[in-house]
Number of protein chains: 2
Amino acid sequence: MAGPDRKPTIIDVARLAGASIKTVSRVINKERYVSPDMQERIEKAVAELGYQPNMMARSLASERSNLIGHLYGDAGGPYTLEIQVGLLNRCRAHGYHLMIEEIDYRSPNVEQRASAIVNQMRLDGVVLTAPVTDNPIVLRILEEAGVPYVRVTPQQESETSPSVRIDERQAAYTLTQHLLALGHRRIGFIKGKANHTATILRYTGYCEALTDAGVTVDPVLVEQGEFTYASAVACARRLLDQPHRPTAIFASNDEMAAAVVAEAHNRGFSLPANLSVVGFDDTPLAEMMWPPLTTVRQPVREMAETAADILIGLLSQRGKVDWPKPVPHQVLAHTILLRQSTARPPGKA
Amino acid sequence: MAGPDRKPTIIDVARLAGASIKTVSRVINKERYVSPDMQERIEKAVAELGYQPNMMARSLASERSNLIGHLYGDAGGPYTLEIQVGLLNRCRAHGYHLMIEEIDYRSPNVEQRASAIVNQMRLDGVVLTAPVTDNPIVLRILEEAGVPYVRVTPQQESETSPSVRIDERQAAYTLTQHLLALGHRRIGFIKGKANHTATILRYTGYCEALTDAGVTVDPVLVEQGEFTYASAVACARRLLDQPHRPTAIFASNDEMAAAVVAEAHNRGFSLPANLSVVGFDDTPLAEMMWPPLTTVRQPVREMAETAADILIGLLSQRGKVDWPKPVPHQVLAHTILLRQSTARPPGKA
DNA sequence: CGGGAGGATGGCACCGCTGTCATTGCCGCC
DNA sequence: GGCGGCAATGACAGCGGTGCCATCCTCCCG
C-alpha cells in the first residue's frame, strides 16, 4: 500500500483521468463547462490518488490565498478565544484558513510588522479586534494593500470597512435601569481603561440612565479602573471606604466586578444583601463566581461569525463590485443576564 | 509618493541593485557568499522598494512553508489561548506564522480533515494539544506526511515525537499532602472526564498521597466529574449530602472547584473554615473567585513556547539529522499556589 | 445547408521564488 | 608558471497550479 512517495500533483490526476491539467483544475474549482462523465472520471482519479491541491501553488497562480487573518492586540482572555472560535467556524465552512497574528500596537515598528503580515502572506482578508480596530497605522496599511477587512467593535464606524458590534451604551443603560428599579440610588461605577471605546460607551449608558431617572451622577461614586482585577480592587476599596457608601456598584467588566465582590467578601459583607454588583461581558467567570454575577452578554462568537460572513461574502464577489456601499455595520443583540449578585438595597425590603 | 501599483518582486530589486535574482535571493535568505558591498546595495534596494518576499512563491519553490499549525480539539478556554500566545511568541521570533485549526475528533471524517490541513497547507510542523494529542488517526496522518510534530501533555510519550508536559501526578500528590498536613483526613475527590490523561494522573497522585500518609482511599468520597462546572455541582451535592461529609474537596480542575465553592456557599458554609477546596490549573478564575483558590499552576505558556522551540529547532536542522534520538520529552516545573480556600479542618484549631 | 452561438476541452505562458549547476576571477602552492 | 580550490555571481529550469486564448464540436436557426 505504500503509494508513490511523492505527493500526487494535478498532473498525475490529469494523466490518470486522461484529461488535460486545465480540465482537472476546472473540476477542482467547481467551474462550469465540464461534461458529467469527464467530471466523474476526474473525481475518481482524485479520490484514487488522494490528491490534495497545493495551496501554495494555487495562491501563487491565482492571487488568492484562501487565508484570513485575525489581527489583535493583547491576548484578551476568553474574548479573543471566542472570537477565534467564531472565525474558525466560518472559515472552515467556506474553505478558508485562519492565520492569527498578534501585533504589539505600542511598538515602534507596528508599521513594519503589519505590513509584513499583510503583504508577505498575501492575506485575502482580515478581521480586526480591539485594540487594533482603530489603529491608524494598521488601517492605513490594510487600505494601501487593498486588503478587505472587517472590524469588531470599532470606536468609529468608517465608510470603507464594515463592522460588527453590540450597542454597549444601551446595554449599560438597561443594566443601570435594573439597579434603579431595584431601588438603588447611590450606584458606584468603575470605568475601564481610559480611551477605550467600551469604557466611554458603558459610562455614557450609566450616566444617561441615572439622569433619565432623575438621579444626579455623583463624581465621588465614579472610579477610574483599567479593566483589570488589580485595578478594581483599589477602586472598590475607595468606594466602600466612603462614609455614605454606594449600595450597588457597576463595574465596567466582569473581572473588575469580581474584584468588587472579593473586596466586599473581605469586609464580611453578605452579597447581594449588603451590596449589589453588576459586571459586563459575561465571561465564564461570571457564572462561576459566587454569587453568580448579573451582567451583560455580548454574543462574541456570533459577532465573529458575522464578521467572517461579511468578509467572506465580500471576497466571493471580488472583482464584480469593488465594495458594496454603504458598507454594512451590524449591530447584534445583547442579553442582560440577571443573576444573583443584585437585590434591593439594604433597608428597602 | 504613489509608487508602482504592483507589489515589487525580487526581479525589481535585482534590477535596481544591478544584481541577479539569485543573488538577491541569497541576501534575503542570509546565505553565505555575498560580498559586503553587493549585500549593501541589495539591502538598499529592498528598503527603497519596500520589497516583501512573497511567501507563497517562496514556499512553492522551496518546499518550506514557514507555517506552523496548532491543532486542537475543543476550544478549551483559557488554556488554548495561553498555548496560542506561547506559540505565537516563538513563531514571531523565528519568522514562522501560526495557523490554527480546530479538528472535531469525534467526527467521522477526522482523517479527511486532518489530511486536508496538513497536506493542502504544507505545514512545516504541528503542535498538538489535548484532546488530539493522542488521536491515532491524526498521528498517523502526520507520520505519513512526514510532518514533524510536538505534543503538549500527551497521554503516552512516543519515540517518534517530542512532548512537553508537567508532572501532574506529582502536583496532585503535593497538593493532597498539603491538605493532609493541615489535618484533613476525609478528603473528597472529583475526577475529570473519564479517559483523559489528566484525570488519571491527578487521581493517582491523590491516591498515592493518601496511601503514603496511611489514609485509606474511601470510594464514597470519590466522584466522577467531567471537568465542567455543571458536572461538578452534582458531585459536590452528593459529597456534601453525606452524613459524615468530607472536610476538604480536591476538584480535578478549577472550574469544578468553583462549583464546589458555589455549592458550599449555597449551603451557608463559611469558607475555608467549614470546608477546604483545592483545584488544578490556576485559570484566571482561581484568583478572582472568593475565596481565592489554592491550586496548581501549569506553566502553560511556557510549555507552548518550549514546544515551539523544539519544533523550530527540529525544522532548522531538517535534512541534516532526520530526527534526533531519543526525541526530547520535557517536563516543566509546576507551582503549588497556596491561597485562601484551604485551612485546618473544623474542630482542629 | 451555411453560419453563428456556446459548451467542452486543451495549450501555454506565467505567478515569484529557490535549487542546481556553470562560470568567473583570484589566491596560494608546488 | 600552471593548477587546484574556493569565494562570488549568474543562468535556467522548475515548484504546482491558474488565466487567457485557441480549438473543436454540436446544435439551432434562418
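Lettering follows sequence order; numbering is per chain, from 1. Quick caveat: nothing in here was measured; it's all calculated off a predicted structure. We use all heavy atoms of the structure for the numbers below, so side chains are in, but hydrogens, waters and symmetry mates are not.
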Any [X] side-chain nitrogen or oxygen under 4.0 Å from OP1 or OP2 of [N]:
| X | N | answer |
| --- | --- | --- |
| B/T23 | D/dG10 | yes |
| A/S35 | C/dT9 | yes |
| B/S20 | D/dG10 | yes |
| B/N29 | C/dT18 | yes |
| A/Y33 | C/dG7 | yes |
| A/S25 | D/dG17 | no |

Of the options [options], whose atoms approach the side-chain atoms of [X] most closely?
| X | options | answer |
| --- | --- | --- |
| A/V34 | D/dG17, D/dT18, C/dT9 | C/dT9 |
| A/I21 | D/dG10, D/dT18, D/dG16 | D/dT18 |
| B/S62 | D/dG16, D/dT18, C/dG19 | C/dG19 |
| B/K22 | C/dG16, D/dG16, C/dG19 | C/dG19 |

Euclidean distance, atom [atom1] of residue [X] to atom [atom2] of [N] [Å, nearest integer]:
| X | N | atom1 | atom2 | result |
| --- | --- | --- | --- | --- |
| A/E63 | D/dG17 | CD | P | 17 Å |
| A/L49 | D/dG16 | CG | P | 14 Å |
| A/E31 | D/dG19 | CD | P | 7 Å |
| A/M56 | D/dG16 | CE | C1' | 12 Å |
| B/L60 | D/dG17 | CG | P | 9 Å |

Mind checking [X] for me? I need base, sugar-phosphate or nothing, with any heavy atom below 4.0 Å counting as a touch.
| X | value |
| --- | --- |
| B/M38 | sugar-phosphate |
| B/I28 | nothing |
| A/I11 | nothing |

- [ ] Compare all side-chain heavy atoms of A/Y51 with those of A/K7 and state whether any distance is below 4.5 angstrom.
- [x] no
Open item on the list: Taking the side chain as everything from C-beta on, heavy atoms only, tell me whether B/V164 gets closer than 4.5 Å to B/V331.
Closed with: no
Open item on the list: Which is more 5' along DNA chain D, the nucleotide nearest A/I10 or the one nearest B/P36? Just name the residue.
Closed with: B/P36
Task: 5′-ward residue of the pair B/A61/B/R41 relative to DNA chain D - done: B/R41
Open item on the list: Is a donor from one side chain sitting under 3.5 angstrom from an acceptor on the other, for A/R58 and A/N66?
Closed with: no
Open item on the list: Using the rule side-chain hydrogen bond (donor to acceptor under 3.5 Å, both in side chains), only one of A/Q155, A/H329, A/R151 pairs with A/S163; which is it?
Closed with: A/H329
TODO: Give a yes or no on whether B/E40 atom CD has more than 12 heavy-atom contacts from other residues, nucleotides or ligands under 6.0 Å away.
DONE: no
Task: Derivation of the side chain to side chain donor-acceptor pair (under 3.5 Å) call for A/S115 and B/Q52 - done: CA-CA 9 Å; A/S115 165; B/Q52 307 260 25; 2.5 Å; yes
Open item on the list: Between D/dG10 and B/R26, counting only base atoms on the nucleotide and side-chain atoms on the residue, is there a donor-acceptor pair under 3.5 Å?
Closed with: yes
